[in-house]
Amino acid sequence: MTRQAKEIFIKYIFFIFALVSVIVLAMIVFSLFREGLPIFKVVSFKNFVFGMEWYPTYDPPDFGIFPLIVGSFVVTFFATLIAVPLGVLAAIYISEIAPRAIKEILKSVIELLAGLPSVVLGFFGMVVVAPILQETFDLPTGLNIVNASVILALMAIPTISSISEDALYAVPQEFKEASYALGATKYETIIKVIFPAALSGISTAVMLGMARAIGETMVVLMVAGGSAAIPESIFDSVRPMPASIAAEMGETPYRSAHYHALFATGMVLFFLTLTFNIIADYVSHKFKQTGSATL
Amino acid sequence: MDANVIISLNNVNFYYGQNRALTDITMNFRKNKVTALIGPSGCGKSTLLRLLNRMNDLIDDTRVEGDIIYEGKNIYSPDIDPVEIRKKIGMVFQKPNPFPKTIYNNIAYGPKLTASNTGDINMLVEQTLKQAVLWDEVKDILNQSAMKLSGGQQQRLCIARALAMKPDILLMDEPTSALDPISTAKIEELIEELKKDYTIIIVTHNMQQAARISDETAFFYLGNLIEYNKTEKIFTKPDVKQTEDYITGRFG
């Protein structure tokens, strides 16, 4: 084989490997739609997404996933509320304040948290968090929004923290020096220079953390309580979309209406995470601040 | 101490870890003069400059010995707050480093940190931009990002930003090394203008620049102060052979 032929051969080999993940994704999306779309012959799109009743096994069944969507959003919202301050502040501490030894320890602990299997976190939520909630607030069950949000937040923190940290590290040293040279304290420099300069990266981190939380299945299956109704308080149980799919898929007859409804739920979930990822991508490009001086 | 001396060093040694970067430096900087620090790369001139406003504090594992006396006090004594020192001793860096904020906010940044100074920021912005001879170029775009300015404009903005703190001393670390000749000329004119009101200490690699703009010149080599005298004297008949060799381009 000539040298050129070899180069071309190698180029295409790599191209094919790169293509594999694209093809796999396309096939998954295709089958998701093939299995999900038939539900709209049984129920209209509007009644599916905004329907208030999810009784897929009744006769006649009700396929309204609005309570599930609300469930997903509620736990994601509260998880974000908890995870963003913790993740971002931890990232600021690690990248700007901590002495080197503490920095290394903290970083590896947070990475370890990312490595915990979700079933372990779910188990923690069931046997530790749930009884505490139940006793403290005198509730019928500790498996509820608060519990799910706390555990989801634990899962989102590593994502938010490590991506924010990268964004903070990327702030040029020159900005910091300029600020210190004007008589700013470390705190003022962090708040007024470093944080704003890293904001686009931090927003990306938050969006990706939310995408992680909304798609997470095992935790919400184990600790959200599983009630398919619009919650009235943060101590109510909910049934987020992934939990519903995971819990019911094994019980549904192949290609029944219920089966199609679950795939359609998966489609909704797919679009939601896609939206989060697109927003994250947009934010990271749109608000990217030009680096230090260009000559 | 001589009333014309604004800051003086007594037997200053400086270490990066185990390495001694400055050896027994004793020198006085005079008020309202431009003092140039020259010498080959790694001779310690930038290190010395950064000692004067305690910027070296930001680098881990460094150590200072000796006294640097400013306003009658050693700025390295434990009861001195480096933040206060930096408010009075401003700095302009080698690479223009405006904040990724608007032109207006770049200038207002420093004064806004000092709560008492929040009086008339608009006027201060105008005044300092005029001082830095940048006002006419930017007066209509004060709310645009400073990143859109050219390199030379950015550097004048950085000078204006430092002036907005009304410092006693302005430290400049090779402020024109990243600029084209025209921008360099503008900055040099500006320095000429500024020395009426400020004491300027400038590190430069450009010998002609030192000769053009400074009143006094200090030549450093390998962390030692070799010769320190009137610029005219240094550039015409230096006392030390090494200085002459460096200035005439025989080494460095």
Side-chain angles (χ1 to χ4, degrees), chain A residues 92-107 164 166-205 283-295, chain B residues 50 52-61 81-101 105-114 117 145-155 157-158 161-165 167 170-171 173 177-180 183:
Chain A
I92 290 176
Y93 180 73
I94 290 171
S95 72
E96 301 300 327
I97 301 170
R100 188 169 304 173
I102 296 177
K103 179 185 294 191
E104 291 308 317
I105 295 169
L106 267 179
K107 272 185 82 155
S164 301
D166 291 343
L168 290 163
Y169 277 129
V171 174
Q173 185 67 24
E174 290 99 65
F175 292 171
K176 300 178 199 173
E177 289 202 329
S179 173
Y180 287 124
L182 288 165
T185 61
K186 186 166 219 167
Y187 165 78
E188 288 163 339
T189 302
I190 290 171
I191 298 293
K192 296 187 172 178
V193 174
I194 301 174
F195 185 77
L199 193 58
S200 81
I202 291 173
S203 316
T204 308
V283 166
S284 75
H285 284 96
K286 167 88 181 175
F287 299 109
K288 193 170 244 157
Q289 284 172 311
T290 11
S292 65
T294 40
L295 294 169
Chain B
R50 293 168 61 94
L52 301 180
N53 67 341
R54 295 194 58 167
M55 285 302 279
N56 283 336
D57 290 21
L58 304 177
I59 302 168
D60 288 339
D61 202 21
D81 183 359
V83 166
E84 291 307 315
I85 295 296
R86 294 182 197 132
K87 281 179 179 164
K88 291 181 191 153
I89 305 181
M91 189 164 207
V92 176
F93 297 84
Q94 183 171 358
K95 221 168 127 195
N97 59 350
F99 297 121
K101 300 174 185 288
N105 281 332
N106 261 278
I107 308 284
Y109 181 85
K112 275 185 182 167
L113 294 173
T114 348
N117 214 339
S145 170
M147 292 303 182
K148 288 185 181 159
L149 299 176
S150 74
Q153 288 174 323
Q154 287 186 355
Q155 193 62 305
L157 180 69
C158 291
R161 180 174 68 183
L163 295 178
M165 294 302 290
L170 197 55
L171 308 175
D173 190 358
S177 66
L179 304 179
D180 61 82
S183 304

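Naming convention: chains lettered A, B, ... in sequence-line order (proteins, then strands); numbering from 1 in each chain. What you see is a predicted model, and the numbers here were worked out from it, not measured in a lab.
One distance of note links CD of A/E177 with CZ of B/F93; it measures 5.0 Å at 0.5 Å rounding. Atom CG of B/N97 is separated from atom CD of A/Q173 by 10.5 Å, given to the nearest 0.5 angstrom.
Closest heavy-atom contact between B/F99 and A/F175: CE2-O, 3.4 Å.
Here B/V83 is the residue among B/D57, B/N53, B/V83 with the most heavy-atom pairs under 4.5 Å with chain A.
With a threshold of 4.5 angstrom between heavy atoms, B/D60 approaches chain A through side-chain atoms but not through N, CA, C or O. B/I85 does not touch chain A: none of its heavy atoms, backbone or side chain, sits under 4.5 Å away. Neither the backbone nor the side chain of B/R54 has a heavy atom closer than 4.5 Å to any heavy atom of chain A.
Identified by a heavy-atom distance below 4.5 Å to chain B, the contributing residues of residues 179-192 of chain A are A/S179, A/Y180, A/A181, A/L182, A/G183, A/A184, A/T185, A/E188, A/T189, A/K192, in residue-number order.
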